[in-house]
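Scroll down for the structure; my scribbles are underneath it.
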Amino acid sequence: MNVPEPYAVLTRQQWQLLNDTLADLCGASGGSREDLHDLAVGVLETSRPTHWTTSMDDHPARPLWCRVYKIIGALAHLADAAPHDARQIRRLSVEVKWLAEHMRTFPGPVRVSECSDA
């Protein structure tokens, strides 16, 4: 059984500063390092306490983002607790696929460049 290692405690302000810094670094690179930005933000997001919610109280996208954060948490848990559990990997892949379809069909204006399947 994997025992989580002790971790550093961040204040909410420190966490937000790291999040903002990652966005600034991505912008400074002109988006050329978006892959590193996404990875770092994903790691940072999994360390965000659940009570640090975003401010989307009555926004129509709130259910979508709640689902996004739930799946991010499930992926982080899988990576920490059961990285080789094929059954859990396949189970979570169904959730990720459902989320991807929900995001693809999310209502709102879409520019042609946003519809690429690349």
Side-chain angles (χ1 to χ4, degrees):
M1 173 179 261
N2 290 341
V3 177
E5 295 180 26
Y7 57 91
V9 176
L10 296 175
T11 66
R12 188 171 189 156
Q13 291 78 17
Q14 290 168 325
W15 186 92
Q16 187 62 54
L17 180 61
L18 281 172
N19 196 32
D20 293 345
T21 300
L22 291 170
D24 291 345
L25 288 171
C26 182
S29 72
S32 66
R33 301 309 314 211
E34 186 71 25
D35 56 335
L36 292 177
H37 171 256
D38 291 348
L39 178 62
V41 169
V43 170
L44 185 60
E45 191 59 40
T46 62
S47 70
R48 179 179 55 86
T50 55
H51 65 278
W52 291 357
T53 60
T54 57
S55 59
M56 297 189 63
D57 295 332
D58 292 325
H59 194 278
R62 187 176 193 284
L64 171 66
W65 291 110
C66 287
R67 188 69 176 167
V68 166
Y69 289 127
K70 182 177 179 183
I71 290 176
I72 288 170
L75 289 166
H77 177 75
L78 179 66
D80 287 342
H84 304 294
D85 186 338
R87 186 178 61 80
Q88 289 298 328
I89 290 169
R90 285 190 294 272
R91 182 192 62 76
L92 192 52
S93 74
V94 172
E95 295 290 321
V96 171
K97 182 180 177 186
W98 177 89
L99 176 63
E101 286 304 314
H102 187 178
M103 293 176 76
R104 274 181 71 94
T105 61
F106 191 77
V110 177
R111 294 188 306 259
V112 174
S113 62
E114 293 176 336
C115 294
S116 171
D117 286 328

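None of the values given here were measured: they were computed from a predicted structure.
Checked against Trp15 for a side chain to side chain contact (heavy atoms under 4.5 Å, CB included), the options Asn19, Leu18, Leu17, Thr11 give a single hit: Asn19.
Distance check: Thr21 OG1 to Gln14 CD gives 11.5 Å after rounding to the nearest 0.5 Å. Within the model, atoms NE2 of His84 and CG of Leu78 stand 10.0 Å from one another, a figure rounded to the nearest 0.5 Å. In this structure, CG in Leu36 is found 10.0 Å from CG in Leu22, a value given to the nearest 0.5 Å. Considering OG of Ser29 and CG of Leu25, their distance stands at 8.0 Å, rounded to 0.5 Å.
In this structure the side chain of Asp85 never reaches within 4.5 angstrom of the side chain of Ile89, judged on heavy atoms. Side-chain contact check for His102 versus Leu64: some heavy-atom pair is nearer than 4.5 Å.
Both Met103 and Leu75 sit in one connected hydrophobic cluster of ILVMFWY residues. Membership requires side-chain heavy atoms under 4.5 Å apart, directly or through other members. Transitive grouping of hydrophobic side chains (ILVMFWY, heavy atoms separated by less than 4.5 Å) brings Trp65 and Val96 into a common cluster. Hydrophobic clustering (ILVMFWY, side-chain heavy atoms < 4.5 Å, transitive): Leu39 and Ile72 are in distinct clusters.
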